[in-house]
Amino acid sequence: MTEELANFCTDLKELFMRQELEEMERMLAEKKQEEIAELAMNQHDIIEGYYRQKKYEVLFSHLNFVAFASYLFEYAGKRGFFTKVEFQNGFKVFEDIYRMLKEAEQKK
């Protein structure tokens with residue numbers, strides 16, 4: 001990822017944390033499809049790495065980042081980057097994390 005795209009991602013994360021979703025979508029709409037795909041896949045791959053290593057507590061303790069990655073992945077899907085099957089397979093990671101979090105909360 002280029003430094004410019006990494007800085008853009010940081011800006012998006014800040015907007016996401018402030019729940020300024022309209023501004024995020026305005027900024028994302030100005031980016032090329034390839035850039036959106038790179039952002040989404042980069043964030044997804046980070047989450048998936050922890051998921052595959054079964055570092056669920058790390059994911060649970062960084063839910064804002066998981067939610068941000070999920071948002072970008074879904075946004076890229078809406079922009080048509082993924083086939084339906086690719087999207088479903090990729091989004092399964094986020095669904096599993098959410099399900100595990102709910103199960104962990106119920107055990108408390």
- Query: So if you build clusters from Ile, Leu, Val, Met, Phe, Trp, Tyr with side-chain heavy-atom gaps below 4.5 Å, do Tyr98 and Met100 land together?
  - Reply: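 Each belongs to a different hydrophobic cluster.
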- Message: Assigning hydrophobic clusters by single linkage (Ile, Leu, Val, Met, Phe, Trp, Tyr; side-chain heavy-atom cutoff under 4.5 Å), is Leu5 placed with Leu15?
- Response: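 In one cluster: yes.
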Spatial distance of atom [atom1] ([X]) from atom [atom2] ([Y]) [nearest 0.5 Å]:
| X | Y | atom1 | atom2 | value |
| --- | --- | --- | --- | --- |
| Arg26 | Leu21 | CZ | CG | 13.5 Å |
| Tyr51 | Leu59 | OH | CG | 10.0 Å |
| Glu57 | Lys55 | CD | NZ | 13.0 Å |
| Glu105 | Glu103 | CD | CD | 11.0 Å |
| Gln53 | Glu48 | CD | CD | 11.0 Å |

- Query: Does the pair Glu95/Arg99 count as a salt bridge with the N-to-O cut at 4.0 Å?
  - Reply: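 Not counted as a salt bridge, because no side-chain N and carboxylate O are separated by less than 4.0 Å.
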- Item | salt bridge (Lys or Arg N to Asp or Glu O under 4.0 Å) pairs, two or more places apart, involving residues 66-93 |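 Every salt bridge (Lys or Arg N to Asp or Glu O under 4.0 Å) pair that includes a residue of residues 66-93, provided the two are not neighbours, is Lys92-Asp96.
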- Among residues two or more places apart or on two chains, list those pairs meeting side-chain hydrogen bond (donor to acceptor under 3.5 Å, both in side chains) that have a residue in residues 1-20.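 Passing the test, one end in residues 1-20: Arg18-Glu20.
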- Other residues, nucleotides, ligands: >12 heavy atoms within 6.0 Å of Tyr50 OH: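 No - once you tally the heavy atoms of other residues, nucleotides and ligands closer than 6.0 Å, there are 12 at most.
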- Assess whether atom CZ of Phe60 is packed by more than 12 heavy atoms of other residues, nucleotides or ligands within 6.0 Å.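 Above 12, so yes.
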- side chain to side chain contact (heavy atoms under 4.5 Å, CB included) assessment of Phe8 paired with Met1: CA-CA 11 Å; Phe8 179 75; Met1 183 175 342; over 6 Å; no
Considering all heavy atoms, the nearest [X]-[Y] contact:
| X | Y | value |
| --- | --- | --- |
| Ala29 | Tyr75 | N-OH, 3.5 Å |
| Gln33 | Gly80 | NE2-C, 3.6 Å |
| Ser70 | Phe91 | OG-CE1, 3.4 Å |

- Among Glu38, Glu34, Met41, which one satisfies side-chain contact (heavy atoms from CB on, under 4.5 Å) with Phe81?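 By the side-chain contact (heavy atoms from CB on, under 4.5 Å) criterion, Phe81 pairs with just one of Glu38, Glu34, Met41: Met41.
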- Which of these, Ile47, Val58, Val93, sits in a side-chain contact (heavy atoms from CB on, under 4.5 Å) with Val66?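 Only match with Val66 under side-chain contact (heavy atoms from CB on, under 4.5 Å): Ile47.
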- Test log, rule side chain to side chain contact (heavy atoms under 4.5 Å, CB included), inputs Leu12 and Leu39: CA-CA 10 Å; Leu12 289 178; Leu39 282 173; 4.1 Å; yes
- Can any side-chain N or O of His44 pair as donor or acceptor with the backbone N or O of Phe73 at less than 3.5 Å?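 Answer holds: no.
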- Message: I'd like to check the side chain to side chain donor-acceptor pair (under 3.5 Å) partners of Glu25; sequence neighbours left out, ordered by chain and number.
- Response: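 Only Tyr71 meet the side chain to side chain donor-acceptor pair (under 3.5 Å) criterion with Glu25.
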- Test side chain to side chain contact (heavy atoms under 4.5 Å, CB included) applied to Leu72 and Leu28, step by step: CA-CA 9 Å; Leu72 279 182; Leu28 285 164; 4.2 Å; yes
- Message: Run Phe65 and Ile46 through side chain to side chain contact (heavy atoms under 4.5 Å, CB included) and show every step you take.
- Response: CA-CA 10 Å; Phe65 180 68; Ile46 292 168; 3.7 Å; yes
